[in-house]
Amino acid sequence: MDIDVTPKPNEAAWLLTDLLGRAMGHVEEAAPGDFRIHPAGQALQTMETMRRGPFKSLDDALAEIERFTRGTCRRLPDRAPPGAEASDDD
């Protein structure tokens with residue numbers, strides 16, 4: 001199962017989405033160096049017995065997801081807020 005990982009705006013959290021756009025949960029940094037996986041939707045059953053934290057880094061948490069699901073986590077850049085699109089007026 002391949003998962004896109006996108007930073008959640010204004011939070012120390014990253015959204016997990018499958019390649020069909022379905023929410024799979026999120027990873028949050030509860031405290032510095034304390035990352036936890038929170039599965040949701042279809043991932044609740046898939047990740048039921050997976051270790052969910054704490055992890056020392058986001059990369060460690062994503063590595064656990066990859067190991068357990070035998071897939072790939074692709075880190076994507078921040079999504080621009082609506083109306084904040086780049087202009088070509090340069």
Side-chain angles (χ1 to χ4, degrees):
M1 170 187 310
D2 291 345
I3 298 175
D4 288 341
V5 181
T6 309
K8 195 171 182 181
N10 304 316
E11 294 185 38
W14 294 261
L15 301 172
L16 306 173
T17 310
D18 73 9
L19 298 182
L20 296 176
R22 297 178 293 201
M24 302 299 284
H26 68 278
V27 176
E28 75 169 332
E29 186 176 18
D34 181 8
F35 291 81
R36 298 184 182 263
I37 301 167
H38 299 277
Q42 304 253 340
L44 285 171
Q45 278 189 325
T46 305
M47 299 180 187
E48 184 176 13
T49 60
M50 180 182 75
R51 180 175 162 236
R52 298 183 186 184
F55 298 96
K56 292 182 180 182
S57 69
L58 176 60
D59 287 338
D60 289 346
L62 298 180
E64 177 67 7
I65 294 171
E66 289 178 337
R67 185 190 67 75
F68 192 82
T69 63
R70 295 187 178 116
T72 301
C73 291
R74 299 182 316 161
R75 290 177 71 171
L76 302 177
D78 290 345
R79 293 182 186 150
E85 295 160 11
S87 121
D88 289 298
D89 295 339
D90 296 332

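Tested against Cys73, the residues Leu16, Leu62, Asp4 include a single side chain to side chain contact (heavy atoms under 4.5 Å, CB included) partner, Leu62.
Applying the ring-ring contact (aromatic ring centres under 6.0 Å, His included) test to pairs two or more places apart or on separate chains, those with a residue in residues 38-61 are His26-His38. Pairs passing the salt bridge (Lys or Arg N to Asp or Glu O under 4.0 Å) check and including a residue from residues 19-41, sequence neighbours excluded, read Asp18-Arg22, Asp34-Arg36. For residues 44-62, the set of pairs meeting the salt bridge (Lys or Arg N to Asp or Glu O under 4.0 Å) definition, not counting sequence neighbours, comprises Asp59-Arg75. Among pairs with a residue in residues 2-21, those fulfilling ring-ring contact (aromatic ring centres under 6.0 Å, His included) read Trp14-Phe35, at least two apart in sequence or across chains.
Partners of Thr46 according to the side-chain contact (heavy atoms from CB on, under 4.5 Å) rule, which considers only residues two or more places apart in sequence or in another chain, are Met1, Thr69. Glu11 meets the salt bridge (Lys or Arg N to Asp or Glu O under 4.0 Å) test with Lys8; sequence neighbours excluded. Residues forming a side-chain contact (heavy atoms from CB on, under 4.5 Å) with Asp2 (at least two apart in sequence, or on another chain): Leu19, Thr72.
Note: the hydrophobic cluster containing Leu58 also contains Met50 (ILVMFWY, side chain heavy atoms under 4.5 Å, direct or indirect links).
Taking all atoms of both residues into account, the shortest heavy-atom contact from Ile65 to Met47 is CG2-CE, 4.0 Å.
Inter-residue side-chain proximity for Leu76 and Val5 is flagged as unmet; no heavy-atom pair is nearer than 4.5 Å.
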